[in-house]
Amino acid sequence: TYIANEGVLIAAGDTQVLIDGLHREYRSSYPFLPEPHREQIETAQAPFDEIDLILVSHMHLDHFHPESVARHLRHNARASLVSSEQVVGQVQALPGFADVRSRTTTITPPLRQRVSTLAGGVQVDILGVGHGSGRHESVQNLGHIITLGGKKLLHLGDASTEDAGIFDALNIDEAGIDVAFLPVWFLTSDDGAAIVRQHIRPKHIVAVHMPAGESGRAVAQIRERF
């Protein structure tokens with residue numbers, strides 16, 4: 001289930017994983033959940049009342065809002081949060097964090113490295129993929145390989161296409177990715193397409209993080225390369 005921008009809710013059997021789905025309207029052209037859907041997900045109302053694991057790729061507000069995450073954790077006692085120091089730190093700074101502290105875990109693998117963990121009953125490989133160079137270089141952006149329902153699903157957050165060596169080091173292509181949720185710039189640029197073919201090699205691709213109003217142009221560019 002698509003939850004706006006890079007938000008995805010993945011379900012298999014009785015297990016649900018939400019990635020980058022708890023964010024609010026932000027001063028950008030990227031989609032966000034309108035009311036009343038945002039209230040539904042933040043207060044864990046059906047169909048968002050059985051989420052087991054919340055993953056957040058990075059702290060940017062078009063992917064994550066600390067109050068949104070904290071509200072869901074308070075309303076859904078079965079949910080746990082696993083993310084970077086930067087993300088968990090922002091949730092930790094909010095009043096009432098003590099009530100959800102036991103269900104938050106900080107994992108921040110260095111760039112080009114991965115950490116495997118079992119969280120919320122889900123096997124997750126957390127990848128240090130970074131957010132590129134320049135003004136976003138200090139942002140802790142995580143990729144995730146989720147094993148669920150006999151499938152492997154990849155989410156890259158705001159990974160950059162400028163350094164293919166990151167993906168070479170992580171050996172994502174050896175994981176046998178069934179579905180890759182890829183930001184659209186991996187599919188509309190030659191550098192990105194080369195990384196997808198050589199270093200990810202997914203069976204299926206879902207394009208995410210597409211600015212509103214640009215889908216027509218993006219689809220045309222994707223068709224040129226795929």
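Quick caveat, the model's predicted, so the values are computed rather than measured.
- Residue pairs meeting the salt bridge (charged side-chain N to carboxylate O under 4.0 Å, His left out) criterion with at least one member in residues 185-195, sequence neighbours excluded: Asp190-Arg225.
- By the side chain to side chain donor-acceptor pair (under 3.5 Å) test, Arg71 pairs with Glu39, Glu42, sequence neighbours left out.
- Contact between Ala207 and Ile222 at its shortest, heavy atoms only, is CB-CD1, 4.4 Å.
- A donor-acceptor pair is defined here as one N or O able to donate and one able to accept, closer than 3.5 Å; such a pair exists between the side chain of Gln86 and the backbone of Gln140.
- Test Ile195, Val208, Ile200 against Leu182 for side chain to side chain contact (heavy atoms under 4.5 Å, CB included) and you get one pass: Ile200.
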Listing, residues 167-175 side-chain donor-acceptor contacts under 3.5 Å, not counting sequence neighbours, or none:
none

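- Residues Ile19 and Ile146 form a side-chain contact, since some pair of their non-hydrogen atoms from C-beta on lies under 4.5 Å apart.
- Grouping the Ile, Leu, Val, Met, Phe, Trp and Tyr side chains by contacts below 4.5 angstrom, directly or via other members, places Val88 apart from Val115.
- Side-chain atoms of Leu73 and Arg103, non-hydrogen and from C-beta on, do get closer than 4.5 Å to each other.
- Using a 4.5 Å cut-off on side-chain heavy atoms (C-beta onward), Ile10 and Leu153 make contact.
- Annotation: side chain of Val129 is not in contact with side chain of Leu142 (no heavy-atom distance under 4.5 Å).
- In terms of hydrophobic clustering, with Ile, Leu, Val, Met, Phe, Trp and Tyr side chains grouped at heavy-atom distances under 4.5 Å, Val196 and Val8 are assigned to different clusters.
- The distance from atom OG of Ser68 to atom CG of Leu33, rounded to the nearest 0.5 Å, is 9.5 Å.
- Within the structure, the ring pair (Phe, Tyr, Trp, His ring centres under 6.0 Å) test picks out the following pairs touching residues 87-133 (sequence neighbours left out): His58-His131, His60-His131, His131-His136.
- Checked by atom type and distance alone, the side chain of Trp185 never pairs as donor or acceptor with a backbone atom of Asp158 at under 3.5 Å.
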Query raised in the report: Does the pair Leu18 and Ile3 meet the rule for a side-chain contact (heavy atoms from CB on, under 4.5 Å), with working shown?
Result: CA-CA 9 Å; Leu18 179 66; Ile3 313 289; 4.1 Å; yes
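- Listed by first then second residue, pairs satisfying ring pair (Phe, Tyr, Trp, His ring centres under 6.0 Å) with a partner in residues 11-48 read Tyr30-His209, not counting sequence neighbours.
- Nearest heavy-atom pair across Ala12 and Leu148 is CB-CG, 3.7 Å.
- Of all the heavy atoms in Ser83 and Val56, the pair that sits closest is OG-O, 2.8 Å.
- A donor-acceptor pair under 3.5 Å links the side-chain atoms of Asp163 to the main chain of Gly165, judged by distance alone.
- For the atom pair Ile41 CD1 and His75 NE2, the distance stands at 13.5 Å (nearest 0.5 Å).
- Evaluation of the side chain to side chain donor-acceptor pair (under 3.5 Å) rule for Glu25 yields no partner, not counting sequence neighbours.
- Taking 4.5 Å as the limit, some side-chain heavy atom of Leu111 sits within range of a side-chain heavy atom of Ile166.
- Cluster annotation: Met59 is not connected to Val82 through the hydrophobic network of ILVMFWY side chains, with a link wherever side-chain heavy atoms come within less than 4.5 Å.
- Nearest heavy atom pair, residue Gln123 against residue Thr117, reads NE2-O, 3.4 Å.
- In this structure the side chain of Leu55 reaches within 4.5 angstrom of the side chain of Val124, judged on heavy atoms.
- For Arg74, there are no side chain to side chain donor-acceptor pair (under 3.5 Å) partners, not counting sequence neighbours.
- Side-chain heavy atoms closer than 4.5 Å link hydrophobic residues (I, L, V, M, F, W, Y) into clusters, and following such links, even through other members, never connects Leu94 to Ile54.
- If you take CD on Glu162 and OG on Ser189, they are separated by 11.5 Å, rounding to the nearest 0.5 Å.
- Residues Lys151 and Val179 fail the side-chain proximity criterion, which asks for heavy atoms closer than 4.5 Å.
- Closest approach of Asp20 to Gly157, counting heavy atoms only: OD2-CA, 4.4 Å.
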Requested in this report: I would like to know whether Lys152 and Asp178 meet salt bridge (charged side-chain N to carboxylate O under 4.0 Å, His left out); could you show each step before the answer?
Outcome: CA-CA 5 Å; Lys152 290 185 180 290; Asp178 292 287; over 6 Å; no
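- Counting only residues at least two apart or on different chains, no side chain to side chain donor-acceptor pair (under 3.5 Å) pair has a member in residues 87-100.
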Query raised in the report: Checking side-chain contact (heavy atoms from CB on, under 4.5 Å) for the pair Ile51/Asn76: CA distance, chi angles, key distance, verdict?
Result: CA-CA 8 Å; Ile51 295 170; Asn76 179 7; 3.9 Å; yes
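- Between Leu81 and Val69, the closest side-chain pair of non-hydrogen atoms falls below 4.5 Å.
- Remark: Glu67 pairs with Arg24 by the salt bridge (charged side-chain N to carboxylate O under 4.0 Å, His left out) rule, at least two apart or across chains.
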Query - Criterion side-chain contact (heavy atoms from CB on, under 4.5 Å) on Leu154 and Leu127, from CA distance to verdict - result: CA-CA 10 Å; Leu154 172 69; Leu127 316 175; 4.0 Å; yes
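- Pairing each heavy atom of Asp49 with each of Ala46, the nearest pair is OD1-CA, 3.7 Å.
- The side chain to side chain donor-acceptor pair (under 3.5 Å) contacts involving residues 211-222 comprise Glu214-Arg217, where partners must be two or more places apart or lie in separate chains.
- Here the straight-line distance linking atom CD1 of Ile145 with atom CG of Leu156 works out to 8.5 Å at 0.5 Å rounding.
- The side chain to side chain donor-acceptor pair (under 3.5 Å) check on Asp14 picks up nothing, with sequence neighbours excluded.
- Under the 4.5 Å side-chain heavy-atom criterion for Ile, Leu, Val, Met, Phe, Trp and Tyr, Tyr2 and Leu9 are members of distinct hydrophobic clusters.
- Atom CZ of Phe186 sits about 6.0 Å away from atom OG1 of Thr161, to the nearest 0.5 Å.
- Residues meeting the salt bridge (charged side-chain N to carboxylate O under 4.0 Å, His left out) test with Arg78, sequence neighbours left out: Asp52.
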